[in-house]
Amino acid sequence: MKKLKPAAYALLPLAVAMAQPAVAQDTKELKIGVASEATSIDPHFHNVGQNNALRRHIFESLITTDANQKLLPALAESWKAIDDTTWEIKLRPNVKFSNGEPFTARDYIYTMCRVPLVENSPSSFTVFTRGIESIEAPDPLTVRVKTTSPQPLFPNNMTTLGILSASVFGAGDVKYGKDGCENMGTPPKSADFNDPAKAIGTGPYKLKEYTRGTHIILEANEDYWGEKPIWQRVVMRPITSAGPRVAALLAGDVDMIENPPIQDFDKIKGAGFTIVEGLSNRIIYIHLDQFEDKTPGVKGTDKNPFKDKRVREALSKAINRDAIVERIMGGVAKPAGELLPYPLFGTSKDAKPVAYDPEGAKKLLAEAGYPNGFELTLGTPNDRYINDEKVAQAVAQMFTRVGVKTNVDAMTASTFFTRRNKHEFSAYLAGWGADSGEMSNSLNALVVTPNKETGGGHTNRGRYSNKEVDALVQEAQRTIDDAKREELLQKASKIAMEDHALLPLHFEVTPWAFKKTLTYTPRIDQYTLATEVKLAQ
Amino acid sequence: MLVYVIRRLGQAALVLAVMATLVFIAVYAVGDPVAILASPQADQQEMEAITRRLGLDRPLYEQYALFVWNALHGDLGRSFVYNEPALTLILNRLPATLELALTALLISIFVGIPLGLYAGLKPQSLGGHSIMAGSILGFSLPNFWQGLMLVLLFSVMLGWFPAGGRGTTRDLFGVPVSFLTLDGLAHLILPALNLALYKMALVIRLTRAGTREVMLQDYIRFARAKGLSQTRVIGVHVLKNILIPVVTVLGLELGSMIAFAVVTETVFAYPGIGKLLIDSIGRLDRPVIVAYLMLTVVMFVIINLVVDLIYAAIDPRVRLEEAKA
């Protein structure tokens, strides 16, 4: 993909004449209709997708990820583990912040110190900094980070933390301390960043204007150290409802939108726009209560049937994943046999979705002592994932067909997650996006035995527990060597899947729609990055 | 008179207190904001830390007592999502909604009254019938569907107006308003029309009914007999007498347009307070929801009070003391 060179302008009239309705796109301005608005410009205020995507334009991190979540150097040139608990990072020389200040180790230390100081964060980034024991800077372009325990995911963690300029808020020679840093000046409040003069990063774009609910305007950073941004100006308009978002694209108000609804694909394509789809790191799954002896959503039996592996297997076999993908997701999804799509780190090529086999399911249920099945209530959100309630309805029908009479209890996300976290569902449909793009994240969240101390199994609301899986994941979390770690994770994943710890349904596919004159490479992390929107050739 | 006003204000305070309490408890009962705010990646420790930071770990009565204490000091709490005072968030968005509601009001008056007058004067004509049929559509078609059709027709197919959002703003007495710029007006026209359609239908019907009634009155005949021109009869004698109910209804409808433009603001992605309310409900941002509804109550109380006072001023037969019953 090349930028349009001045010489190419000579050819433009010809190109326009050939592609009749398409008007030549200049590179002055790119307008994007985003599905959710960043809640703050502060890169450390709210750890949530839309904020992290916006952050990448303004505040770069040491390490970044490509469209397939592979690590790439950004402000760090290289990084390596010196021993199990020490990482050495070489910083990129000759990088300047958008206010002209040079980027050095001081800014990195300042950033690590500032993350825990954010006030009233609704979802903090401290998970990524709390394992840091000490940070030293032998020279201005080298940092050595000691962690409290071996942290193989340290480089992944660094991809989420945008680097601030220490001088903007008057910091001196910052010294890192686990329980508080020295010479921090006046650490900024989150609202301070709404002012473009304070939102200083090294990124390809600078904040120009932020009007909450209306738009965020970014301006190209002319002195950016890397490849120069294509767009002079980027306008991000929050259009949270899908219908109006599509209308804005069709009417030409915006050049590109996030998440066009599947039902509108034909209309959008028919109007001469391009849609790209990419597999995401989000799996849609059904979790089953495997903890209580008497589970609230099951009727017709005194026991909790899901403690029996045969029942879980039967339910998995009862699901026709291809049919769900084809008929409900309009082909825009992929049946899942594991918690992450191949070839992400820790996945196996041979992890196939459980085959549809209703007869086998009935047989297994009979063996387990439920020849007449039982009654089940399946909880689901109805406004969180793509077609979530419809998928749950389809699954309920499939369960009912093998004898497990299933009702769907659908509700809005805020109510659903509250009730789920209180373990009110015996079976629920939900989704999980592995932010780090590797298997330890998914396993640790969804199938490891819940444990408050280690943070394991925090979203394992079915409370599945298997010592073997726990041990393997724990070991992987301590193993710095990539090959060894991947092997451990593959093994853990295989055991959990064979044990039907949960029922994987499908991986969501993220769509983007835009003008014919543009291209965009779909990203596994579902981010919309203006830097990756290019001109079509 | 003074006693009446004081009593009304006392009642208003009571309504405000009851409403705030109900909403506070209702939102608490709906769900746990942390469950929706926290990053899914947050582990148990992190979830607890967030709950503590937002003060949600305390028992409900403590949270409520704190809320009341702060509210009495003029602080309605900080938004969970934005960490900014809830009132500031709402006031920042208020100009957009006021602008929208007032434009809609103007459209419904300046289109509705002439059409209603025409339909009332010539009820049997083709025009009169068409206007009445049209007003039925304005009444009966759902608001969001009208909005979508407006977008489809004027933005997607004809490309005359943008499909949504707010246009360029310019400061007027320190308040950013968009009706002073061409771009702003272009953005304003469709949502305002959408919001006005229902009120317009209402005005047409009220005006028509009033006109037909007034036309049969003796003083109209008398005016005609005196030889006054048609323009004067309609412009002065008819219009003055039919305006009273229209103004009353519109005054109250203005309140509901400001407070509940939610549907229009959603369809047009218009950054007003209705959109803020919907987004806040979706994220269980309790301080914003409570502050918004309290503000709404205050607004309605004031509008009602003003309407009552105006009544008393206009019509000597109305005595404020009688409102006791």
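Order of the sequence lines sets the chain letters (A, B, ...), proteins ahead of strands, with each chain counted from 1.
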Chemist: Where does T39(A) contact chain B at under 4.5 Å (heavy atoms): side chain, backbone, both or neither?
Modeler: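 Both backbone and side chain of T39(A) come within 4.5 Å of chain B.
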Chemist: Relative to chain B, which segment of A413(A) carries a heavy atom at a distance below 4.5 Å: side chain, backbone, both, or neither?
Modeler: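 When you check distances to chain B, atoms from both the backbone and side chain of A413(A) fall under 4.5 Å.
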Chemist: Under a 4.5 Å heavy-atom cut-off, does chain B meet the side chain of D253(A), its backbone, both or neither?
Modeler: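 The side chain, not the backbone.
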Chemist: For F45(A), is it the side chain, the backbone, both or neither that has a heavy atom under 4.5 Å from a heavy atom of chain B?
Modeler: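 When you check distances to chain B, only side chain atoms of F45(A) fall under 4.5 Å.
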Chemist: Please round to the nearest 0.5 Å and tell me the distance separating atom CD of Q526(A) and atom CG of N52(A).
Modeler: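 One finds 12.5 Å between CD of Q526(A) and CG of N52(A).
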Chemist: Please identify, among G282(B), A269(B), A35(B), P33(B), the residue contributing the most non-hydrogen atom pairs under 4.5 Å to chain A.
Modeler: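 Heavy-atom pair counts peak at A35(B).
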Chemist: Is a donor on one side and an acceptor on the other found under 3.5 Å between the side chain of R463(A) and the backbone of F291(A)?
Modeler: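 Answer holds: no.
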Chemist: If you count heavy-atom pairs under 4.5 Å with chain A, which of E48(B), M47(B), M157(B), R52(B) comes out on top?
Modeler: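 Result: the option with the highest number of such pairs is E48(B).
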Chemist: Show me, pair by pair, the donor-acceptor contacts under 3.5 angstrom made by side chains of residues 289-298 of chain B, not counting sequence neighbours?
Modeler:
from	atom 1	to	atom 2	distance (Å)
Y292(B)	OH	A259(B)	O	2.3
T296(B)	OG1	Y292(B)	O	2.7

Chemist: Salt bridge or not between R212(A) and E84(B)? Use side-chain N to carboxylate O under 4.0 Å.
Modeler: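 Salt bridge: yes.
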Chemist: Which bit of N451(A) comes within less than 4.5 Å of chain B, counting heavy atoms only: side chain, backbone, both or neither?
Modeler: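 Just its backbone gets close to chain B.
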Chemist: Got a sec, which pairs hit salt bridge (Lys or Arg N to Asp or Glu O under 4.0 Å) with one end in residues 63-82 of chain B, sequence neighbours left out?
Modeler: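 Pairs touching residues 63-82 of chain B that pass the test: none.
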Chemist: Using heavy-atom distances under 4.5 Å, tell me whether T126(A) contacts chain B through its side chain, its backbone, both, or neither.
Modeler: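 It is the side chain, since no backbone atom gets that close.
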Chemist: Is R130(A) in contact with chain B via its backbone, its side chain, both, or neither, using a 4.5 Å heavy-atom distance?
Modeler: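 Just its side chain gets close to chain B.
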Chemist: Measure distances from N51(A) to the heavy atoms of chain B and classify the residue's part below 4.5 Å as side chain, backbone, both or neither.
Modeler: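 Neither part.
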Chemist: Measure from NZ or CZ of R461(A) to the centre of the six-membered ring of F425(A), then state whether that distance is under 6.0 Å and the direction lies within 45° of the axis.
Modeler: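 So R461(A) doesn't make the cation-pi contact.
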Chemist: Quick one: what part of T459(A) sits under 4.5 Å from any heavy atom of chain B, side chain, backbone, both or neither?
Modeler: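 T459(A) touches chain B through side-chain heavy atoms alone.
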Chemist: Looking at I284(A), L429(A), D409(A), which hits side chain to side chain contact (heavy atoms under 4.5 Å, CB included) with T380(A)?
Modeler: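 Only one option passes, and that is L429(A).
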Chemist: For residues P381(A) and D388(A), determine if any side-chain heavy atom of one lies less than 4.5 Å from a side-chain heavy atom of the other.
Modeler: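 They are in side-chain contact.
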Chemist: Which members of residues 182-191 of chain B, sorted by number, sit under 4.5 angstrom from chain A on a heavy-atom basis?
Modeler: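 Against chain A, none of the residues of residues 182-191 of chain B fall inside the cut-off of heavy atoms under 4.5 Å.
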Chemist: Ignoring hydrogens and angles, write down the donor-acceptor pairs under 3.5 Å from the side chains of residues 21-31 of chain B, residues two or more places apart or on other chains.
Modeler:
from	atom 1	to	atom 2	distance (Å)
T21(B)	OG1	A17(B)	O	2.7
T21(B)	OG1	Y64(B)	OH	2.5

Chemist: If I measure from the heavy atoms of chain B, does A434(A) come under 4.5 Å with its side chain, its backbone, both, or neither?
Modeler: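 When you check distances to chain B, only backbone atoms of A434(A) fall under 4.5 Å.
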Chemist: Could you tell me the separation between the CH2 atom of W432(A) and the CD atom of E508(A), rounded to the nearest 0.5 Å?
Modeler: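 Here the interatomic distance stands at 14.0 Å.
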Chemist: Whether the side chain of N120(A) engages the backbone of N83(B) through a donor-acceptor N/O pair (distance < 3.5 Å, no angle test) should be reported.
Modeler: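 Not a single qualifying donor-acceptor pair exists.
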